[in-house]
Amino acid sequence: MAFSMINMGNQKFSNIYFVSFILATILFQPGCTSLREIREGAVQNFILPLIKIQERSLSSESAGSDDFKLVDSRMSGIRLVLRRGAFLSDVPENIQSHAWFIASRTVSAPDVQLVELPAEILAKLDHIDASVHPALREKHIDGILDVKFSQTEESDNRGFVVSFRMLDPYDGKELSSIKCIFQIRSRRVDPAHQAEFVRTGGKISFLNDDSDQMPVLTPVPEDNAVRDFIWSSITGKLNVLSTAGETEVLLAKEDARADTAQPIGKTPVTGWRLDEGKYRLSVRRRGQASVEREVQIRAGRTSDVFITWPEDPGITALSVLTAPPGLRISLNGTVAGNSPLFLTGAGEGSYAVEVSRSGEGGQYRIAGESNVSLAKGDQKVRVFFIDHTEDFNVSPGSTDYWQLSTTDGTIQSGIAGGLFFKTTSKAPDVWQGLVSREFAFESFVTEIEVVEGSGNILGFGVITDDDSFLAEMNSDRYTVASFQGKNAARLVNTFQSIQPSQTGVRKIKLSYNRTAGKIEARLDGDVMYEGFWNPGRIGNLVVMTRSTSADGRPLARRLTIKTFSDK
């Protein structure tokens, strides 16, 4: 279902929309193959979660994870698996062999070890999943070095490219890439001097008069680009920004003593490279209480931390985050930079925020829009989930995208076998969980993999000040409802799954099409709800549970959000 920021305002459905809505409710009979609609009094207790952001602090919980790169100790050096693609059919093999020899030496390093894996495991690395994790974990693999040969776009086919990609051995995502571009040049060789040779594996063949073409590497990759490419398998980067430039930043490993924290500079700190793992970040400023954060560094990724000082009411700040990062941000029609964008000198007033991504031919197209009003002292964060996948393999509450929410007690998020929550509250009807930063987008599709089981309760949807939408899983029952303001549900449909899940995991899909004004909910592809909804701008995505099931049991596996243009 496509999620759009749903700012319904105080607008009412028009009469025709209202009649259509009621008719759709009465006449709609889903063609479900695995669901059965039920009507019971219990659904009348369906309530809208209240959002109250919990102050973020360091967590003492050391939750487990199936991400072996985060929990295993590293071996000495860097251990990579090589996946080399087939040679090109229209380029002589000896020329490509020579090019491969040059390229492999260009991106090699003394402390890099290539690890061999059985053929049956290599064959599965096109689509990495849990079935190959044990083999990769046993060999302590830091990265997968994927190599492909491709033809250049030159019409005379006098060149080709050897492309190297560093892939994450846990989920197969690209961490970095580098290219070696070759041109094929004719060169006469004096056999008496044996000046040129081709090396294929352990075999060296000297060129003769019949071998008058050579691949020439141009341009040569820069040393720092090669270094960054190799290190992307074991290191990530940290950016720390603040509303005050005199903020001092100190860093220590998570398990180190507090007094071992080392200063790494004053904000802004950008591009600080660290081995992947958990760190304790301390920021301090004269006259202010120090702030501590837990930071998870993941290989090939950049972690952004933005510190606001609420004791500085004179500072007006706007932060614009996007998933993925690196998108172009414009404010009132003027390009302000790329995301993540942190503006500490923003003035009072209204801003039209526009997010664009580059497309074919270097042209930019709008991927999201929002209006933000800043009063003096406001420090607002706006997130655009353009294309986001949350595997819950690190605590989402430790990122700038997500916040923990509870109206009673305290709560922690976990990562052992998927997302779970732990709380000190015992109130049965209190919602606890994960809330996104305020975000804005147009039409979208979002899907969450929920763990169906006895006692599992999970609420999933969008909450705004005006209109909200929620799908709730309660064991094997699924309820969908829309709300106006804080009132009770306008419409409730409840279904029960009648076919057992082979994996115990089901997929709830929410979609919203702004042009058609249509919102839809599906379970494993079966329609649970269809209705009309006014287009909106601002709101929060929520993944929450009742405190009665916030005891450490897995509730969800993966969340994906993707906005799209329906114009």
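- Contact of the Val450 side chain with the Val505 side chain is not registered, since no non-hydrogen atoms from C-beta on lie closer than 4.5 Å.
- Taking the six-membered ring where the residue is Trp, the centroids of Phe460 and Trp431 are separated by 6.0 Å or more.
- Atom CD1 in Ile234 sits 4.0 Å away from atom CD1 in Ile78 (nearest 0.5 Å).
- Between Leu80 and Val115 there is no side-chain heavy-atom pair separated by less than 4.5 Å.
- A cation-pi arrangement is present between Arg328 and Tyr364, with the terminal nitrogen or guanidinium carbon under 6.0 Å from the aromatic centre and inside a 45° cone about the axis.
- Considering every non-hydrogen atom in both Ile128 and Pro169, the closest pair reads CG2-O, 3.6 Å.
- A heavy-atom distance below 4.5 Å is not found between the side chains of Leu167 and Leu175.
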(request) Run the numbers on Met166 and Glu174 for side chain to side chain contact (heavy atoms under 4.5 Å, CB included), then give the verdict. (result) CA-CA 6 Å; Met166 189 70 71; Glu174 182 177 307; over 6 Å; no
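- Side-chain atoms of Asp142 never come within 3.5 Å of backbone atoms of Ser233 as a donor-acceptor pair (strictly under, hydrogens ignored).
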(request) Apply ring-ring contact (aromatic ring centres under 6.0 Å, His included) to Phe385 and Trp402, showing your working. (result) CA-CA 12 Å; Phe385 287 113; Trp402 305 98; 5.5 Å; yes
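- The line from CD of Gln412 to CZ of Phe421 is 11.5 Å long, rounded to the nearest 0.5 Å.
- Taking CD1 from Ile508 and CG from Leu458, the interatomic distance works out to 7.0 Å, rounded to the nearest 0.5 Å.
- Leu419 approaches Ser413 most closely through the heavy-atom pair CD1-CB, 4.3 Å.
- Looking at Glu452 and Arg506, a side-chain N of the basic residue comes within less than 4.0 Å of a carboxylate O on the acidic one, giving a salt bridge.
- No more than 12 heavy atoms of other residues, nucleotides or ligands lie within 6.0 Å of CG in Asp223, so this atom counts as exposed by the packing criterion.
- Taking the charged nitrogens against the carboxylate oxygens, Arg83 and Asp146 do have a contact shorter than 4.0 Å, which makes a salt bridge.
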(request) List the steps, then state whether side chain to side chain contact (heavy atoms under 4.5 Å, CB included) holds for Ile178 with Val107. (result) CA-CA 9 Å; Ile178 197 169; Val107 299; 3.9 Å; yes
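- When every heavy atom of Pro221 is checked against every heavy atom of Val226, the shortest pair comes out as CB-CG2, 3.9 Å.
- Between Thr464 and Ile538, the shortest heavy-atom distance links the atoms CG2-O, 3.3 Å.
- No side-chain donor-acceptor contact under 3.5 Å links Arg227 to the backbone of Ala225.
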(request) Go through the steps to decide whether Asp387 and Lys562 satisfy the test salt bridge (Lys or Arg N to Asp or Glu O under 4.0 Å), and finish with yes or no. (result) CA-CA 4 Å; Asp387 189 356; Lys562 185 175 181 64; 3.5 Å; yes
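- The side-chain heavy atoms of Ile366 and Glu354, taken from C-beta on, include a pair separated by under 4.5 Å.
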(request) Go through the steps for Val335 and Ile329 under the test side chain to side chain contact (heavy atoms under 4.5 Å, CB included), then give the verdict. (result) CA-CA 6 Å; Val335 176; Ile329 310 297; over 6 Å; no
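- Within the 4.5 Å cutoff, side-chain heavy atoms of Leu331 are placed close to those of Leu343.
- Remark: side-chain polar atoms of Ser405 are not paired, donor with acceptor, to backbone N or O of Gly433 under 3.5 angstrom.
- Checked by atom type, the side-chain pair Glu447/Thr560 shows no donor-acceptor distance below 3.5 Å.
- Under 4.0 Å is where a charged nitrogen must lie from a carboxylate oxygen, and between Arg284 and Glu248 at least one such pair does.
- Between the side chain of Asp378 and the backbone N or O of Thr316, no donor-acceptor pair lies under 3.5 Å.
- Proximity of a side-chain donor or acceptor of Ser303 to a complementary backbone N or O of Gln296 within less than 3.5 Å is detected.
- At a threshold of 4.5 Å between non-hydrogen side-chain atoms, the residues Ile561 and Leu541 count as touching.
- Taking the charged nitrogens against the carboxylate oxygens, Asp275 and Lys69 have no contact shorter than 4.0 Å, which rules out a salt bridge.
- Asn456 places a side-chain N or O within 3.5 Å of a backbone atom of Val451 that can act as its donor or acceptor partner.
- Using a 4.0 Å cut-off between charged nitrogen and carboxylate oxygen, Lys237 and Asp304 do not count as a salt-bridge pair.
- Under 4.0 Å is where a charged nitrogen must lie from a carboxylate oxygen, and between Lys52 and Asp408 no such pair does.
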(request) Would you sort out whether Val305 and Leu238 count as a side chain to side chain contact (heavy atoms under 4.5 Å, CB included), showing the intermediate values? (result) CA-CA 8 Å; Val305 178; Leu238 172 67; 4.2 Å; yes
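- Side-chain contact between Ser282 and Ser290: absent, with no pair of heavy atoms (C-beta onward) separated by less than 4.5 Å.
- Thr260 and Ala252 make their closest contact through OG1-CB, 4.1 Å (heavy atoms, listed as atom of the first residue, atom of the second, distance).
- In summary, the side chains of Arg273 and Thr235 do present a donor paired with an acceptor at a separation below 3.5 Å, with no hydrogens or angles considered.
- Ring geometry for Tyr401 against His388 counts as perpendicular: the plane angle is over 60°, on a 0 to 90° scale with 30° as the lower cut.
- Annotation: cation-pi geometry not satisfied between Lys179 and Phe164 (NZ/CZ under 6.0 angstrom from ring centroid, within 45° of ring axis).
- By the side chain to side chain contact (heavy atoms under 4.5 Å, CB included) test, Val372 is found to be paired with Leu318, Val353, Ser370, Leu374, Lys380, Arg382, residues two or more places apart in sequence or in another chain being considered.
- You'll find the side chain of Ile264 stays beyond 4.5 Å of the side chain of Leu250, heavy atoms only.
- Atom CE of residue Met544 and atom CG of residue Leu555 lie 12.0 Å apart, to the nearest 0.5 angstrom.
- Scored by the side chain to side chain contact (heavy atoms under 4.5 Å, CB included) test, Arg357 finds Pro324, Leu327, Arg365, Ala367, Ile386 as partners (sequence neighbours excluded).
- In plain terms, the two heavy atoms of Leu470 and Gly459 that are nearest each other are CD1-C, 4.3 Å.
- Between the CD atom in Glu438 and the CD atom in Gln403 there is a gap of 9.0 Å [rounded to 0.5 Å].
- In this structure, CD1 in Ile141 is found 12.5 Å from CG in Asp168, a value given to the nearest 0.5 Å.
- Of the charged side-chain nitrogens involved, none lies within less than 4.0 Å of a carboxylate oxygen, so that Lys509 and Glu449 do not count as a salt-bridged pair.
- A search for side chain to side chain contact (heavy atoms under 4.5 Å, CB included) contacts involving Ser242 returns Ala244, Thr247, Thr267, Ile307, Trp309, not counting sequence neighbours.
- A salt bridge is defined here as a Lys NZ or Arg NE, NH1 or NH2 lying under 4.0 Å from an Asp or Glu carboxylate O, and Asp391 with Arg558 meets this definition.
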